[in-house]
Amino acid sequence: MQLIETAEAVRTFARERKTRRVLVPTMGALHHGHLELIRLARAAAEDEGEVVVSIFVNPLQFEPGADYERYPRPEEDDAELCRQASVDVLFRPLPHEMYRGDRSVTVEEHSLSETLCGKSRPGHFRGVCTVVAKLFHLLAPHAAVFGEKDFQQLAIIRRMVRDLDFDVEIIAAPTVREPDGLAASSRNRYLNEAEREQAPVIRAALLEAAQLAREGETCGERLLALARARITSAPSAQIDYVELVDAETLQSQAIAGPDSLLAAAVFFGQTRLIDNLRLA
Ligand code: AMP
């Protein structure tokens, strides 16, 4: 595996290599969810292609006061996991390689970013779009893999690719879970024992609401009331949002249908966890 740490070196690498390249952008602290993305990237790269993983804790997508400083950075473990997963190139730039002090251009999406996490984390998706656009320019991948756990992020990246004509195929990876249903996340390692025990309630609540919908309930408020009540039954849970939205537009829905998505963000202590479920 080749480790590249500068923007210049990665650009040279991308220019020189003529083979198919599939990118998996991450912030590191890799877990089995990321490994599934790498597996899909390997399949998409085909025999001759290369899998590139980027690890960059992107300061632009953390709001002031969020967990940028304390975000886990287990560099050696991450590099070893990438080696074991037969990653061809690990791109791990330092912040000054990605952002100049006087930078003044960002990429912003103005519709899908207005709801859900965009409401609670102002500027977050501007940071995400900007860094992903930069990674696409630097690495010129043929395809890139993103997880459905971050459903809104995936939708926004697809929109950015469409609206700005990036020549990159976006591949979606289904959410990978722990045996108790909790979505795998780098942030799960922040949870104390009690919080970790209670965190699967998010998934359980979304499944219960989906079951009610399957039984014929279409009233969004009733579905959400059930999910919210289930989540708040966990003593450490503080709801940021639980919403029913259209899976295409991410706009709030009053009536559930086959295009609906249930999405939740819940704090356990300082740790904010997200999950979602398609009703179809
Ligand atoms: P992160 O390192 O958290 O920024 O995530 C990097 C990529 O991995 C994003 O595309 C995430 O959606 C994806 N990802 C993170 N956790 C999971 C998971 N549990 N299942 C599927 N994809 C995931």
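Numbering of ligands and ligand atoms starts at 1, following listing order.
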task = With heavy atoms only and a cut-off of under 4.0 Å, state how His34 meets ligand 1: side chain, backbone, both or neither.
result = side chain
request  = Would you mind telling me if ligand 1 is within reach of the side chain of Leu154, the backbone, both or neither, using heavy atoms under 4.0 Å?
outcome  = neither
request  = Return yes or no for this condition: an N or O of Phe146 is under 3.5 Å from an N or O of ligand 1.
outcome  = no
task = Evaluate the ring planes of Tyr190 and Tyr71, with Trp represented by its six-membered ring, and classify them as parallel (under 30°), tilted (30 to 60°) or perpendicular (over 60°).
result = perpendicular
ask   = For ligand 1, does Arg177 get within less than 4.0 Å through its side chain, its backbone, both, or neither, judged by non-hydrogen atoms?
value = neither
message = Taking distance alone, with N or O pairs closer than 3.5 Å, would you say Gly147 contacts ligand 1?
response = yes
remark   = Out of Gln61, His32, Lys149, the nearest non-hydrogen contact to atom 15 (C) of ligand 1 is supplied by Lys149
message = Under 4.0 Å, heavy-atom basis, I'd like to know which part of Pro174 is in contact with ligand 1: side chain, backbone, both or neither.
response = backbone
inquiry  = If you measure every N or O of Ala184 against every N or O of ligand 1, does any of those distances drop under 3.5 Å?
reply    = yes
message = If I apply the N/O under 3.5 Å rule, does Val145 come out as touching ligand 1?
response = no
remark   = Sorted by chain and residue number, the side-chain hydrogen bond (donor to acceptor under 3.5 Å, both in side chains) partners of Glu193 (sequence neighbours excluded) come out as none
request  = Mind listing the closest non-hydrogen atom pair of Ala184 and Gly33 along with its distance?
outcome  = CB-N, 4.3 Å
task = Decide yes or no for Arg177 and Pro200: does some side-chain heavy atom of the first lie under 4.5 Å from some side-chain heavy atom of the second?
result = no
ask   = For ligand 1, is there an N or O atom under 3.5 Å from any N or O atom of Asp150?
value = yes
request  = Below 4.0 angstrom from a heavy atom of Gln153, which ligand 1 atoms are there? Numbered from 1 as shown, please.
outcome  = 9 (C), 10 (O)
key: Closest contact, heavy atoms only, Met98 versus Leu138   = SD-CD1, 3.9 Å
message = In the structure I gave you, are the side-chain heavy atoms of Glu69 and Phe62 within less than 4.5 Å of one another anywhere?
response = no
task = Please state whether His31 comes within less than 4.0 angstrom of ligand 1, counting heavy atoms only.
result = yes
message = Among residues at least two apart in sequence or on other chains, which ones pass side-chain contact (heavy atoms from CB on, under 4.5 Å) with Phe267?
response = Gln238, Asp240, Arg272
ask   = Can you list the atoms of ligand 1 that are under 4.0 Å from a heavy atom of Pro25?
value = 6 (C), 7 (C)
inquiry  = Students should be able to answer this: which protein heavy-atom is nearest to atom 20 (N) of ligand 1, and at what distance?
reply    = Val176 N, 2.8 Å
message = Is the terminal nitrogen or CZ of Arg159 (NZ for Lys, CZ for Arg) located under 6.0 angstrom from the six-membered ring centre of Phe166 and within 45° of that ring's axis?
response = no
query = Short question: side chain of Asp67, backbone of Arg70 - any donor-acceptor pair under 3.5 Å?
reply = no
inquiry  = I need the single residue from Arg17, Arg20, Arg21, Arg42 that forms a salt bridge (Lys or Arg N to Asp or Glu O under 4.0 Å) with Glu50. Which is it?
reply    = Arg17
key: Numbered atoms and elements of ligand 1 in range of Thr175, under 4.0 angstrom, heavy atoms   = 20 (N), 21 (C)
query = Should the proximity of Met27 to ligand 1, defined as any heavy atom under 4.0 Å, be assigned to the side chain, the backbone, both, or neither?
reply = both
query = Would a distance-only check, ignoring hydrogens and angles, find a side-chain to backbone donor-acceptor pair under 3.5 Å from Glu109 to Ile156?
reply = no
ask   = What protein heavy atom sits nearest atom 8 (O) of ligand 1, and how far off is it?
value = Leu37 CD2, 3.3 Å
ask   = Between Ala29 and ligand 1, which part of the residue brings a heavy atom under 4.0 Å of the ligand: side chain, backbone, both or neither?
value = neither
